[in-house]
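Note sheet for the following structure.
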Amino acid sequence: MLPLRILVLHGGTGWKEIKERAVFEIERCAEEGFGFDSALDAVVEAVRCMEDSGAFNAGKGAVYDLLGNRSLDAGVSFKGKIGAVANVSATRNAILLARYVMDLPPHMISGPQADEIARLLGLPPLPPLDEEKRKKYEEDIRKVLGYIPKELSLDLLSFFKGKEEGSGTVGAVALIDGELAAATSTGGIRLKMPGRVGDSPIYGAGFYSDEVIACSATGIGAKIVKFMPCLKLAEAVRKGRGLKEAGREIVKASKDMLGPSMGLIAVSSKGEVFWGTNYRKMLVSMKVE
Ligand SMILES: NC(=O)C[C@H](N)C(=O)O
């Protein structure tokens, strides 16, 4: 008999060492998400829980950009509907805003207007960067630039080498009662270019679900959008390939083409589960019933 309920979470790939606190929080959030009866609620609540934990690069734990600010991207999909938000900076739970967008005609909203919509909806605001993170930002930026920039300038951008490196994005995929859902949320890449949008809110790249698979990706956004791994995985499974076999091939192919770049979690309508990475370590948790 196939398992009826599957929930898989990731806490990002790209970790040099996985922190104990992140392991604790992903387990706690897996438990929380698994308490819901629909695939959509399970992935959204698991991701919201990880955003709120502060232990990941999402929600209040998100990394800072070149100016020490944070901006968040997220995407969610369920039963043919997609919702995404990009570059929001005043909203604590990007995934809750993405879920709201999912039920509207646009597929994505972005920037200050998206934050304004979140405020109108009564979603909680993003708390300010805590003291510890502010200090870390100052240390990091001094190492790169030798000073703390006050505003964006071409001079500042000339220091930006476009070298993307990061970890701690969060995502979840679920199969519950034959329905598939996927959700991903991130603060992007540490010291990113202000205004940057990564792969996480791009359907087929950072998140994806249809009637054959649900998939969430993590890694280096600029590479993932070139590769569209979740879309590739769905196409392979639709042609009859096994999820695990196709997943392994896609993760390998992205490394062959782009170097260390990404990790994926996925579940199929048949109840197969895949996760794999070609970029350092990935944190994963799974619940099955
Ligand atoms: N750590 C991550 O997975 C970052 C995310 N994929 C981005 O590029 O925005």
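As the structure lists them, so they are numbered: ligands from 1, and atoms in each ligand from 1.
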* Between Lys192 and ligand 1, which part of the residue brings a heavy atom under 4.0 Å of the ligand: side chain, backbone, both or neither? ->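 Neither part.
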* To do: Pick one of side chain, backbone, both or neither for how Thr169 approaches ligand 1, counting any non-hydrogen atom pair under 4.0 Å.
  =>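 Both backbone and side chain.
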* Under 3.5 Å, side chain of Glu272 to main-chain N/O of Leu243, donor-acceptor pair present? ->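 Judged by distance alone, yes, a pair lies under 3.5 Å.
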For [X] and [Y], which heavy atoms make the closest approach, and how far apart are they?
| X | Y | answer |
| --- | --- | --- |
| Ile95 | Val76 | CD1-CB, 4.1 Å |
| Ala182 | Ala214 | CB-CB, 4.1 Å |
| Ala234 | Val212 | O-CG2, 4.1 Å |

* **atom 8 (O) of ligand 1: the protein heavy-atom neighbour that sits closest, reported with distance to 0.1 Å** =>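 Among all protein heavy atoms, the one nearest atom 8 (O) of ligand 1 is Arg196 NH2, 2.7 Å.
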* Give the residue and atom name of whichever protein heavy atom lies nearest to atom 6 (N) of ligand 1, and the separation in Å to one decimal. =>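 That would be Asp199 OD1, 2.6 Å.
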* Using a strict 4.0 Å threshold on nitrogen-to-oxygen distance, state whether Glu17 and Lys281 make a salt bridge. => yes
* To do: Following the transitive rule for hydrophobic clusters with a side-chain heavy-atom cut-off under 4.5 Å over Ile, Leu, Val, Met, Phe, Trp and Tyr, establish whether Val44 and Val47 coincide in one cluster.
  =>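 Cluster IDs for Val44 and Val47 match.
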* To do: Flag Ile224 as yes when one of its N or O atoms lies below 3.5 Å from any N or O atom of ligand 1, and as no otherwise.
  => no
For ligand 1, which atoms sit closer than 4.0 Å to a heavy atom of [X]?
| X | value |
| --- | --- |
| Thr186 | 4 (C), 5 (C), 9 (O) |
| Gly198 | 9 (O) |
| Thr218 | 2 (C), 3 (O) |
| Ser167 | 1 (N) |

* Anything under 30° is parallel, anything over 60° is perpendicular, the rest tilted; go ahead and classify Tyr203 against Tyr208. => parallel
* Asked: Does Gly12 come within less than 4.0 angstrom of ligand 1, counting non-hydrogen atoms of the residue?
  ->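 No; Gly12 lies far enough from ligand 1 that no heavy-atom distance drops under 4.0 Å.
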